[in-house]
Amino acid sequence: MAKADKYTIKDLQKQFPTDDVVLDFIFENLHSRDCSCGGTYSRVKGRKQYQCSKCRYQIAPTAGTIFHKSDTPLTDWFYALFIFSNAKSGISAKELERQLGVTYKCAWRILKQIRRALTQDNDKLDGTVEMDTAYLGGRFKSGKDNKRQKEAIAAKSVVMGAVSRGGEVRLKVVPDASATTINAFLEQNVAKTARLLTDDALTYKHSASAYAREAVNHKKEYVNGDVHINGIETLWGHIKRSLAGIQKVVSKKELQAYLDVFAFHYNNRHNDSHRFGVLLGTVLRASV
Ligand SMILES: [Zn+2]
């Protein structure tokens with residue numbers, strides 16, 4: 001990674017030293033200094049408002065953003081976003097509490113708001129695309145105890161993932177692993193022109209017929225040339241470890257939000273500075 005691609009705590013403190021600077025940044029991202037009446041907006045002293053010099057119309061730039069109605073200083077919010085952007089394996093509220101020096105409740109709320117702001121792109125993946133299904137989340141680690149194992153499986157969610165080699169990933173919580181669901185997932189996330197790689201589960205025969213598909217036979221050979229799904233399988237492993245590390249229980253309801261976070265980090269993995277910029281832009285424009 002080139003040095004210019006890095007974005008360090010020093011860069012953050014230099015770019016956003018005070019709440020006033022952060023507020024200016026938010027205003028300029030969401031509004032124009034030039035009012036339609038011909039006047040110019042400037043900051044109202046001592047208030048989180050901007051006012052037009054001619055028509056006196058006022059704008060509160062944090063209104064409708066995740067920063068609205070929060071007592072947490074904007075510089076703390078941006079520090080939290082910085083930590084979040086660099087935490088490729090996710091971050092727990094406990095960890096953010098420690099790093100930010102705020103209460104657990106405050107840290108938890110900040111993380112929840114950031115997660116809510118992130119959603120995945122709808123552009124379809126193309127090129128060579130690996131697709132796979134996984135069972136994620138739940139409370140228990142599956143062990144030898146049959147009853148616990150049953151509970152563990154029941155608490156898990158079916159997740160479908162597709163990753164374009166060298167490109168992006170799409171991760172979705174789905175109702176089941178049926179052929180109909182696979183079909184719907186592919187229809188929504190993978191272009192018909194893609195070369196699709198899957199395992200040799202029979203369900204794909206009935207669902208992915210519209211695609212040029214090659215299947216990996218896990219029993220016979222692990223890798224046949226470049227016909228493998230190691231990319232998506234590696235990602236499942238990363239997600240499972242990260243979920244175990246950041247949260248003991250992830251409910252089915254919360255899981256999609258966590259998957260959106262993983263997709264965000266994966267799809268912006270090449271450049272720290274760019275990823276932070278994308279995160280700021282996304283968070284500012286998120287409707288809350
Ligand atoms: Zn005006």
Side-chain angles (χ1 to χ4, degrees), residues 4-87 91 93 96 99-103 105-123 168 256-257 260-261 263-265 267-268 270-288:
D5 299 339
K6 296 249 189 211
Y7 192 87
T8 67
I9 183 68
K10 279 185 184 153
D11 296 320
L12 178 80
Q13 284 162 345
K14 211 168 140 193
Q15 195 182 357
F16 301 109
T18 63
D19 270 28
D20 287 341
V21 173
V22 176
L23 198 69
D24 268 348
F25 176 85
I26 296 172
F27 180 87
E28 272 153 21
N29 257 269
L30 299 177
H31 307 277
S32 166
R33 288 269 177 194
D34 305 320
C35 185
S36 53
C37 79
T40 310
Y41 279 101
S42 58
R43 176 81 186 269
V44 181
K45 242 191 165 172
R47 298 189 60 203
K48 288 183 180 179
Q49 303 260 6
Y50 290 73
Q51 187 173 288
C52 173
S53 55
K54 262 176 93 181
C55 71
R56 319 305 275 173
Y57 187 79
Q58 288 202 354
I59 291 174
T62 58
T65 71
I66 65 170
F67 314 112
H68 191 45
K69 287 180 184 163
S70 166
D71 295 330
T72 308
L74 289 169
T75 43
D76 281 1
W77 268 103
F78 270 46
Y79 183 46
L81 286 161
F82 167 77
I83 295 170
F84 184 95
S85 179
N86 281 347
I91 182 162
L96 189 65
Q99 291 214 34
L100 211 54
V102 295
T103 63
K105 206 179 149 194
C106 176
W108 182 86
R109 187 178 164 271
I110 286 175
L111 284 179
K112 192 180 169 198
Q113 294 283 71
I114 299 173
R115 275 200 299 270
R116 268 179 57 188
L118 293 176
T119 49
Q120 291 179 53
D121 277 350
N122 288 320
D123 325 339
E168 298 199 345
Q256 186 61 57
D260 292 344
V261 172
F264 164 76
H265 275 106
N267 295 342
N268 295 288
H270 296 303
N271 184 321
D272 289 351
S273 173
H274 177 72
R275 183 172 58 252
F276 186 57
V278 170
L279 182 62
L280 290 184
T282 307
V283 156
L284 284 176
R285 275 162 190 81
S287 46
V288 287

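Numbers here are sequence positions counted from 1. All ligand and atom numbering here is 1-based and tracks the order in the structure. In what follows, every heavy atom counts, from backbone to side chain, and hydrogens, waters and symmetry copies are set aside.
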Nearest heavy-atom pair of C35 and Y41: which atoms, and what distance?
CB-CE1, 3.6 Å
Scanning both residues in full, the closest heavy-atom pair of L30 with L284 reads CD2-O, 3.8 Å
Verdict with supporting geometry, D260 and T119, side-chain hydrogen bond (donor to acceptor under 3.5 Å, both in side chains):
CA-CA 6 Å; D260 292 344; T119 49; over 6 Å; no
Of I66, V283, V22, the residue whose pairing with W77 passes side-chain contact (heavy atoms from CB on, under 4.5 Å)
I66
At a cut-off of 2.8 Å, list the protein N/O/S atoms near the Zn ion (ligand 1), residue plus atom name.
C35 SG, C37 SG, C52 SG, C55 SG
Correct closest heavy-atom pair for L23 and K48 would be CD2-CA, 3.7 Å
Just say parallel, tilted or perpendicular for the rings of F67 and F78, cut-offs at 30° and 60°.
tilted
